[in-house]
Structure formats: C-alpha cells, structure tokens
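Reckoned from all heavy atoms, side chains included, excluding hydrogens, waters and symmetry mates. Predicted model, so just to flag it, every value in this text is computed and none were measured.
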Amino acid sequence: GCATSGVSDRDVARLPVGAREQIMSANRSVDVAGQNVEGARVARDEAKQFRRISEHELDAAKLRLEAARNAVDLGTTARDDRALREAGRVEDGARLALVAARAKLDYAERLVELREAEIAEAEAAYAAARADVELTKVRIAQRNGIDQNLDVKMYESRRQDAAERPAEE
C-alpha cells in the first residue's frame, strides 16, 4: 500500500483471524459514525422544516393582530362599546399569539444552529473513526510482520488530529 492508504486489503487478508476481527470491529465503528452523520443531517433538515413552519405562523400572527387592530378602529369609529370591548379582547389575544410565535421562531432558529453543530461533531467523529481504522491496521500489520515501512507516528498524529477537531469549534 502507498503512504496514504496504509495497509492494503491484500495484506489485511493475510492477517490471522483475530487480527482481522479487530479491524472489522473498528470498521463497524466507522459504519455507526456514518449513520450518526446521516441522523444528524435528518435532524437538521427537520429543524429547518420546523423553522419554516414557525416563520409562516409568525406571518399569520402578524396578520391576525393587524386585523384585530382594524376591528378596534372600526369599533371606535362606530362608537359601539360592545364591539370595541370584544375587538380589544381579540387584539390582546392576537398580541399574545404574536409574542408566542416570535418565541417559537427564536427557538426554531436556535434548534437549527444546534443541529448544524451536531452535524459537525458527528462528521468529526466519523473522521476520527476512519483514522482509527487506519491506525489499527498499521499497528496490527506491524505486530504481524507486515511492515511495509509504515509510519505509525503519522497515523497516530492523524488520529489525534481527528480526535481534537470537534473540540476546536
């Protein structure tokens, strides 16, 4: 294998069963990490959909408040006390609904940000798992006499870099 790919599949096939099982176990971690990335992306997309719905609800609340204010103006102009009181109650409710819609949209915005951060974290874990597989292969190959002049320190450094990436953000 070349310096970047590490231990070839042909060399892995020559390893004892126990050594191959260790590598397969490390590969399962990569599969799980990849599924976590996909799960995080789905959660982000759902959060974006929730945000779009919240934006529409905010627009609707603004329209309801505007309509309620128009009804108050109409009650005032018509000098109809009963209609004015009812319009005032509707306006109060519309104002509260607007506050709630704004809060919901704010929550939706923060949820999208959180989901984006979770994707970055999952992608970093995926990169670390892949680096871990390569490091595992190199160490096992060297223990089993398949040296190929592999630079274990380089693979350890790659694994360390991948592990530290999420902590930087």
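Pairing each heavy atom of Ala40 with each of Ala122, the nearest pair is CB-CB, 4.4 Å. The two residues Ala19 and Asn144 have their closest heavy-atom pair at CB-ND2, 4.1 Å. Taking both residues in full, the closest heavy atoms of Arg115 and Arg44 are given as CB-CA, 3.5 Å, listed atom of the first, atom of the second, then distance. Across Ala141 and Val7, no two heavy atoms sit closer than the pair CB-CG2, 3.7 Å. Here the shortest heavy-atom pairing between Val72 and Gly88 reads CG2-N, 3.9 Å. Closest approach of Leu98 to Leu58, counting heavy atoms only: CD1-CD1, 3.5 Å.
Counting only residues at least two apart or in different chains, ring pair (Phe, Tyr, Trp, His ring centres under 6.0 Å) contacts with residues 33-86 comprise Phe50-Tyr107. Applying the salt bridge (Lys or Arg N to Asp or Glu O under 4.0 Å) definition to pairs two or more places apart or across chains, those involving residues 24-38 are Glu38-Arg41. Residue pairs meeting the salt bridge (Lys or Arg N to Asp or Glu O under 4.0 Å) criterion with at least one partner in residues 59-80, sequence neighbours excluded, are Arg69-Glu91.
Here the side chains of Glu55 and Glu109 are in contact, with some heavy-atom distance below 4.5 Å. In this structure, Ile23 and Arg20 have side chains that are not in contact, with every pair of non-hydrogen atoms separated by 4.5 Å or more.
The CD atom of Glu113 sits 9.0 Å away from atom CZ of Arg51, with the distance rounded to the nearest 0.5 Å. With rounding to the nearest 0.5 angstrom, the CD atom of Glu121 is 9.5 Å from the CG atom of Leu114. The CD atom of Glu46 sits 9.5 Å away from the CG atom of Leu111 when rounded to the nearest 0.5 Å. Rounded to the nearest 0.5 Å, atoms OG (Ser29) and CE (Met24) are 12.5 Å apart. Atom CG of Leu135 and atom CE of Met154 lie 10.0 Å apart (nearest 0.5 Å).
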(request) Please lay out, stage by stage, how Val12 and Lys137 fare under the test side-chain contact (heavy atoms from CB on, under 4.5 Å). (result) CA-CA 8 Å; Val12 169; Lys137 281 184 185 178; 4.2 Å; yes
(request) Test Val17 against Glu21 for side-chain contact (heavy atoms from CB on, under 4.5 Å), laying out the working first. (result) CA-CA 6 Å; Val17 173; Glu21 285 173 353; 3.5 Å; yes
(request) Evaluate the criterion salt bridge (charged side-chain N to carboxylate O under 4.0 Å, His left out) for residue pair Asp11 and Arg14; output intermediate values, then yes/no. (result) CA-CA 5 Å; Asp11 287 336; Arg14 292 181 10 218; 2.8 Å; yes
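Using a 4.5 Å cut-off between side-chain heavy atoms of Ile, Leu, Val, Met, Phe, Trp and Tyr, with links allowed through other members, Ile140 and Tyr155 fall into the same hydrophobic cluster. Both Val152 and Ile146 are members of a single hydrophobic cluster when ILVMFWY side chains are connected at heavy-atom separations under 4.5 Å. Put simply, Val90 and Leu65 are part of two different groups of oily side chains (I, L, V, M, F, W, Y) that touch within less than 4.5 Å, one to the next.
The side chain to side chain donor-acceptor pair (under 3.5 Å) check on Arg130 picks up nothing, with sequence neighbours excluded. For the side chain to side chain donor-acceptor pair (under 3.5 Å) test, residues two or more places apart in sequence or in another chain that qualify with Asp106 are Arg110. Considering only residues two or more places apart in sequence or on other chains, Asp132 meets the side chain to side chain donor-acceptor pair (under 3.5 Å) condition with Arg159.
Taking the charged nitrogens against the carboxylate oxygens, Arg95 and Asp92 do have a contact shorter than 4.0 Å, which makes a salt bridge. The residues Glu134 and Arg158 are annotated as not salt-bridged, no charged nitrogen and carboxylate oxygen being separated by less than 4.0 angstrom.
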